[in-house]
Amino acid sequence: MLSKPELYASSYWRCSSQYPNETNSVCCSKLNPWEPTPLTYAPTDEAEDKPEPELFERTQNIFETLQSEKVAQTTEKPSKERNFLKWPLWVLGPAFLLGTGMAPTLWLPTSSIFLGPNIASLMSLVGLDCIFNLGATLFLLMAHSTTQSKDPSQAPKSKAPFSYKFWNMFASIVGYIIPLTLLYGSQNGILQPQLANISFLVLLGPYLLLLSVQMLTELLTWHWQSPVWLVTPVIYEAYRVLQLMRGLKLSAELTAPAWMAHTLRGLVCWWVLILGLQLMRVAWFAGFSAKYRRDQDNVDVLQS
């Protein structure tokens, strides 16, 4: 049996004989047959690139936690204050609409604004409708402001469907063409007895003017994609029914022809029908929005 020095020498001689050209190679052998060979690890490029895993993740200290809670409270406070400032608009908007539209029409005596078939009566009636238009505009602006958020990038955009735009324009154009057609027939002797131009303007002039304003307002709400596009025709059409009823009362004082009175009654029925369709669209839109939110909640539940 060989001793340890002899065992080292024999191991070195075997390595040098197997690898004669490798001058710097180092060969190792077992010192004793019962000792295991030591394990060696060679680092790779992937191991060098990967960062060492952290056993303990860094957590926020108590000061950072308090600071984050303070920031959250400060961000929630302006939103609550803004919502609090919007609450009066829910009363001021309908109050303006009532004060400028319903009150003068219902409580103002007709004799104070109608002095006969003349320009003064026409301007008085147009001024009365302009007051309503001012209140309707303020109401729409307040209603629009209640739908807006503090961040302009998160402002809701509501695009009206094409079918809704088409039928609204169709109803307005029909309501515009009927009086002009009757005026043409009266001027050409088709409808008898004829109606004077000033009497026609007193009865249907304010109606045509306010209808043009409504069409312009609807086009602007569609262009700006304001959420108030759904209530804009409802406001104007509800007042239009009162406006035509006022014209029907004035036709009796002007001793207008029977065909004119029947025309006013027909226009009242037409706009009541259109108003009912608008209210049905509001109900449909509310149901569609509820269904859309329910579908979104189901999708979120499935994704989570």
Side-chain angles (χ1 to χ4, degrees), residues 79-114 121-150 152 155-158 160 164 168 171-172 175 204-247 249-250 267-268 271-272 274-283 285-286 289:
S79 62
K80 292 181 178 179
E81 291 179 354
R82 184 177 179 83
N83 293 331
F84 179 76
L85 292 176
K86 288 182 178 180
W87 290 349
L89 298 179
W90 290 82
V91 180
L92 290 177
F96 272 110
L97 196 62
L98 176 64
T100 59
M102 300 298 105
T105 304
L106 296 177
W107 282 283
L108 192 65
T110 307
S111 58
S112 62
I113 58 175
F114 179 73
S121 299
L122 177 62
M123 297 306 295
S124 299
L125 295 173
V126 170
L128 197 64
D129 293 340
C130 288
I131 293 174
F132 163 76
N133 185 53
L134 177 62
T137 304
L138 291 175
F139 172 81
L140 293 175
L141 290 174
M142 292 180 187
H144 176 80
S145 65
T146 57
T147 62
Q148 302 303 304
S149 59
K150 185 178 181 181
K157 298 293 184 180
S158 181
Y164 177 86
N168 266 33
S172 299
L204 290 176
Y207 160 82
L208 294 174
L209 180 60
L210 194 62
L211 182 58
S212 303
V213 173
Q214 176 190 344
M215 296 172 68
L216 178 61
T217 305
E218 287 183 342
L219 290 174
L220 291 176
T221 55
W222 296 341
H223 176 71
W224 294 330
Q225 297 183 2
S226 174
V228 300
W229 59 265
L230 194 60
V231 299
T232 300
V234 176
I235 296 170
Y236 282 95
E237 289 163 7
Y239 180 78
R240 182 163 299 117
V241 173
L242 296 177
Q243 189 182 37
L244 291 171
M245 294 297 293
R246 182 187 65 194
K249 185 187 299 184
L250 294 178
L267 288 174
V268 170
W271 287 113
V272 169
I274 298 301
L275 180 59
L277 292 176
Q278 296 288 358
L279 295 176
M280 289 186 67
R281 286 195 187 115
V282 173
F285 189 79
S289 300

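Aromatic pair Phe96/Phe139: ring centres not closer than 6.0 Å. Aromatic pair Phe285/Trp229: centroids less than 6.0 angstrom apart.
Put simply, the side chain of Gln243 gets close to the backbone of Pro206: a donor and an acceptor are under 3.5 Å apart. The closest donor-acceptor contact from the side chain of Tyr207 to the backbone of Gly175 lies under 3.5 Å. Listed for the Ser212 side chain is a donor-acceptor partner under 3.5 Å among the backbone atoms of Leu208.
Side-chain contact between Met215 and Asn168: absent, with no pair of heavy atoms (C-beta onward) separated by less than 4.5 Å. The shortest distance between side-chain heavy atoms of Gln214 and Thr217 does not fall below 4.5 Å. Side-chain atoms of Arg240 and Leu275, non-hydrogen and from C-beta on, never get closer than 4.5 Å to each other. Residues Leu267 and Leu204 form a side-chain contact, since some pair of their non-hydrogen atoms from C-beta on lies under 4.5 Å apart.
Taking the six-membered ring for Trp and thresholds of 30 and 60 degrees, Phe132 and Tyr239 have nearly parallel ring planes, at less than 30 degrees apart.
From Leu89, atom CG reaches atom CG of Leu141 across 10.5 Å, with rounding to the nearest 0.5 Å. Note that CG of Leu230 is 9.5 Å distant from CG of Leu279, once rounded to the nearest 0.5 Å. The distance from atom CG of Asp129 to atom OG1 of Thr100, rounded to the nearest 0.5 Å, is 11.0 Å. Here the OG1 atom belonging to Thr232 is positioned 10.5 Å from the CD atom belonging to Glu237, to the nearest 0.5 angstrom.
Here the closest non-hydrogen pair linking Pro233 and Glu218 is CB-OE2, 3.1 Å. Across all their heavy atoms, Ser226 and His144 have their closest contact at OG-ND1, 2.6 Å.
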